[in-house]
Amino acid sequence: MATQHTAKVAAACRLIETAESLPGLEQLARHAGWSPYHFHRVFRAVTGVTPAKYAAAHRAAQVRTKLAGSATVTDAIYEAGYNSNGRFYATADAVLGMKPVAYRSGGAGMEIRFAVGECSLGSILVAQSERGICAIFLGDDAGALVRELQDRFPKATLRAGDRAFEKLVAKVVGFVEAPQIGLDLPLDIRGTAFQQRVWQALRDIPAGSTASYGDIARVIGKPESVRAVAQACAANKLAVAIPCHRVVRTSGELSGYRWGVERKRDLLSRESVIKASSRSK
DNA sequence: GGTTCTCTGCCGC
DNA sequence: GCGGCAGAGAACC
């Protein structure tokens with residue numbers, strides 16, 4: 001039964017990817033032979049995102065590749081399936097993390113600017129690509145953090161951040177100190193589709209709460225993939241912004257943390273204080 | 001400012 | 001497992 005679900009959803013995904021005018025919910029549901037209601041729920045359970053979100057993500061991916069190959073930015077926008085370039089420009093920053101021309105001239109090799117700062121948890125490395133923040137690492141030793149960045153992005157050109165970049169680091173440090181304020185910077189999240197689903201599920205865990213690996217596996221509709229979830233957490237490159245520190249053992253006991261169990265304990269105890277104080281209001 | 005579509009919680013079979 | 005309603009919200013015109 002479950003395999004039939006995934007097969008139908010996969011077919012719907014292909015339909016979204018190949019259709020020139022994007023199909024609506026009703027059309028997709030008809031293809032699967034279900035009501036729009038049911039189709040929507042199954043799609044969400046299997047993929048972790050709603051059909052509309054999936055279509056939007058696909059268009060965003062399309063426009064990125066088209067921007068590299070098309071004669072003009074406008075051509076790329078229409079080729080990717082957006083029906084108005086004005087509308088696209090309005091959301092370009094969210095989709096690309098920058099202006100379309102900047103993305104276009106970004107070229108082949110990824111360029112990453114980075115800087116290391118200090119916060120209450122020790123050293124913190126913040127790195128930014130053309131698309132947004134691509135790494136937040138925590139550690140004791142600045143040199144080790146930079147080496148970790150090199151290991152994680154072996155093909156990228158790393159460039160030390162200038163003074164303007166320090167402001168960005170300060171903003172991220174502020175966020176790490178008080179995660180509940182949120183981080184209003186574009187994130188460059190790169191990973192497999194599975195990892196992305198796990199990371200999205202992590203971001204849905206509110207500050208002050210925790211979840212187990214099994215919980216996350218169930219949320220993304222793959223209850224048997226507990227170990228894969230743990231691996232995806234370990235592959236997280238954005239400390240605190242993707243709160244893998246909120247994942248604990250089923251027993252409630254802290255499991256490992258890439259940046260040290262002590263930091264995990266610190267983060268969680270801070271967040272539980274925040275939750276307690278907001279509840280007493 | 002109105003319409004249309006999407007999304008989710010809840011219920012019924 | 002599947003369908004459907006209500007209601008809110010976003011996108012669109």
Side-chain angles (χ1 to χ4, degrees), chain A residues 1-64 66-67 73-100 103 132 180-187 189 193-194 196-209 211-212 214-225 229 242-243 246 279:
Chain A
M1 194 51 78
T3 57
Q4 219 200 9
H5 280 179
T6 47
K8 284 189 174 181
V9 170
C13 291
R14 256 173 275 131
L15 196 63
I16 291 170
E17 283 151 20
T18 54
E20 57 259 46
S21 68
L22 40 141
L25 181 60
E26 189 151 352
Q27 196 178 340
L28 291 167
R30 254 207 315 276
H31 249 90
W34 284 322
S35 73
Y37 308 104
H38 187 62
F39 171 78
H40 187 273
R41 279 182 277 258
V42 170
F43 191 96
R44 193 181 193 283
V46 172
T47 64
V49 294
T50 61
K53 276 239 174 79
Y54 183 91
H58 179 254
R59 265 197 320 191
Q62 280 287 105
V63 82
R64 285 195 200 102
K66 299 284 185 192
L67 273 172
V73 171
T74 308
D75 285 347
I77 292 167
Y78 283 107
E79 279 170 35
Y82 289 91
N83 42 23
S84 127
N85 62 352
R87 198 161 298 284
F88 173 75
Y89 272 96
T91 55
D93 262 326
V95 170
L96 302 173
M98 76 196 91
K99 297 271 181 338
Y103 188 87
Q180 74 279 9
I181 61 173
L183 186 63
D184 59 344
L185 293 169
L187 301 179
I189 302 173
F194 180 82
Q196 302 243 12
R197 280 165 59 192
V198 172
W199 295 339
Q200 185 54 52
L202 296 181
R203 295 178 75 187
D204 289 339
I205 307 173
S209 310
S212 71
D215 290 338
I216 300 298
R218 275 192 296 278
V219 165
I220 63 170
K222 295 227 159 198
E224 74 283 7
S225 304
V229 166
I242 295 175
R246 291 181 196 143
R279 203 172 28 212

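Note that the structure is predicted; figures quoted are calculated from it, not measured.
- Remark: nothing in residues 9-19 of chain A comes within less than 4.0 Å of DNA chain B through any heavy atom.
- Not one N or O on the side chain of Arg246(A) forms a donor-acceptor pair closer than 3.5 Å with the backbone of Gly208(A).
- By the 6.0 Å contact criterion, CD on Glu17(A) is enclosed, its count of non-hydrogen atoms from other residues, nucleotides or ligands being greater than 12.
- A distance-only check finds no donor-acceptor pair linking the side chain of Lys66(A) to the backbone of Glu79(A) [under 3.5 Å].
- Computed from coordinates, the Trp34(A) CH2 to dG4(C) P distance equals 15 Å when rounded to whole Å.
- For the pair Lys8(A) and Phe43(A), the minimum side-chain heavy-atom distance is 4.5 Å or more.
- The shortest non-hydrogen separation linking Arg197(A) to Val46(A) is NH2-O, 2.9 Å.
- For the pair Val229(A)/Ile220(A), a side-chain contact is recorded, criterion being any heavy-atom separation below 4.5 Å from C-beta on.
- Distance NE2 (His40(A)) to C1' (dG4(C)): 15 Å, rounded to an integer number of Å.
- In this structure a side-chain-to-backbone donor-acceptor pair under 3.5 Å is missing from Arg44(A) to Val49(A).
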Indicate for each nucleotide in nucleotides 5-10 of chain C, in 5' to 3' sequence, whether protein heavy atoms under 4.0 Å reach the base (B), only the sugar-phosphate (S), or nothing (-). B-----
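- Between Phe88(A) atom CZ and dA11(C) atom P the separation is 15 Å, expressed in whole Å.
- Contact footprint of chain A on DNA chain B: nucleotides with an atom under 4.0 Å from a non-hydrogen protein atom, first to last in 5' to 3' order, dT6(B) to dC10(B).
- Classification of the Tyr54(A)-His58(A) ring pair by plane angle, with boundaries at 30° and 60°, yields parallel.
- When rounded to the nearest whole Å, the span between CZ of Arg30(A) and C1' of dG3(C) equals 17 Å.
- Side chain of Thr18(A) to main chain of Arg14(A): a donor-acceptor pair is present (N/O by atom type, distance under 3.5 Å, no hydrogens or angles).
- Expressed to the nearest 0.5 Å, how far CG of Leu15(A) lies from CG of Leu28(A) amounts to 5.5 Å.
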